[in-house]
Amino acid sequence: MPNRSRCGPSMGEPVNLTIEFLNAAHGEDAARILSQAFNNDAGETRKFVDEVMVEENRIHGRIATMVAMVNGKLAGVIAARKPRDKNPDNIYALTDLAVDPAFGGRGIGHKLLAAAETFISGEWLKGQFGYARLWDYTKRAKPDSHFYEDAGYVPDQNTDGLPQGDPILIKPLNEDAFPLAEPDKLAP
């Protein structure tokens, strides 16, 4: 799913940005970016990338991980996850969004977020109505961040049984497929 666009740096020449699926060749850089972003052990993160993310990407079974490449260098990562047993079938999780600080301020995080939403909408929801849900970990370091709100996410009011702590946000996907009720009929 290469998606090419031009992504201008905060200063200087525009660069080519490609969004593609994570593969084994990306493992080391993806693990480095994720361990830095989430302050996790580098070895454990590398093991998770190799054994879970790369393996799942072969079939897009439960996890699909995408990377942003800027001029051949891995600049960011995001993972889309299918619902777990306790969650409704139409709520998909977005996790592990991280951008290498060397590529910050170029819109890469928003492009990765949009690519993951597009993948969920088309491949897993197949155009049907659903949601993307995430935990806003950016609020830990930047309480005034509006990154996800700027991308259309709102606080999730239905978080029963979910771990609490960081804000849980949600965004409708494929809204045009939502069954609207006629004025005197209830929606299914």
List for me each residue that meets side chain to side chain donor-acceptor pair (under 3.5 Å) alongside Asp136, sequence neighbours excluded, and say none if there are none.
Thr138
Sequence-distant partners of Glu149, salt bridge (Lys or Arg N to Asp or Glu O under 4.0 Å), two or more places apart:
Lys139
With sequence neighbours excluded, what pairs up with Glu117 under the side chain to side chain donor-acceptor pair (under 3.5 Å) test?
Tyr153, Lys171
Minimum heavy-atom separation for Leu74 and Asp29, please, with both atom names.
CB-CB, 3.9 Å
I'd like to know whether Phe48 forms a side chain to side chain contact (heavy atoms under 4.5 Å, CB included) with Leu34, so could you lay out the CA-CA distance, the side-chain angles of the two residues, the decisive distance to 0.1 Å, and finally the verdict.
CA-CA 10 Å; Phe48 176 77; Leu34 289 167; 5.7 Å; no
List the atom of Leu112, the atom of Ala68, and the distance in Å for their closest heavy-atom pair.
CD2-N, 3.7 Å
Is a side-chain N or O of Asn174 found less than 3.5 angstrom from the main chain of Ser121, in a donor-acceptor match?
yes
Does the side chain of His26 reach to within under 4.5 Å of the side chain of Asn23, using non-hydrogen atoms?
yes
Ring pair (Phe, Tyr, Trp, His ring centres under 6.0 Å) partners for Phe38, two or more places apart
none
Could you tell me whether the side chain of Asp156 and the main chain of Ile170 form a donor-acceptor pair under 3.5 Å?
no
Less than 4.5 Å apart, any side-chain heavy atom of Leu94 and any of Arg133?
no
Can you label the angle between the Tyr92 ring and the Trp124 ring as parallel, tilted or perpendicular, going by 30° and 60°?
parallel
When rounded to the nearest 0.5 angstrom, what is the spacing between NZ in Lys82 and CD in Glu123?
10.0 Å
Report the distance from atom OH of Tyr148 to atom OH of Tyr137, rounding to the nearest 0.5 Å.
9.5 Å
Within the 4.5 Å heavy-atom criterion, are Ile33 and Val99 side-chain neighbours or not?
no
What are the two closest heavy atoms between Asp50 and Gly27, and how far apart are they?
OD1-CA, 4.2 Å
Tell me the side chain to side chain donor-acceptor pair (under 3.5 Å) pairs involving residues 31-45, sequence neighbours left out?
Arg32-Asp100
CG-CD1 distance between Leu97 and Ile108, expressed to the nearest 0.5 angstrom
11.0 Å
If we only count heavy atoms from C-beta on, is the Arg106 to Lys111 side-chain gap below 4.5 Å?
no
Nearest heavy-atom pair of Val70 and Ala75: which atoms, and what distance?
CG2-CB, 3.7 Å
d(Asn71 CG, Asn16 CG) to nearest 0.5 Å is 6.0 Å
Side chains of Leu22 and Val77: closer than 4.5 Å at any heavy-atom pair?
no
Taking atom OG1 of Thr65 and atom CZ of Phe119, what is their separation to the nearest 0.5 Å?
9.5 Å
Quick one: list whatever passes side chain to side chain donor-acceptor pair (under 3.5 Å) with Arg81, sequence neighbours left out.
Thr95, Asp96
Nearest atoms (heavy-atom pairs only) where Ala79 meets Met53:
CB-CE, 3.9 Å
Nearest atoms (heavy-atom pairs only) where Met69 meets Glu20
CG-CD, 3.7 Å
Rounded to the nearest 0.5 Å, the CG atom of Leu134 sits from the CG atom of Leu113 at a distance of 7.0 Å
Are side-chain heavy atoms of Lys73 and Phe103 found at a separation under 4.5 Å?
yes
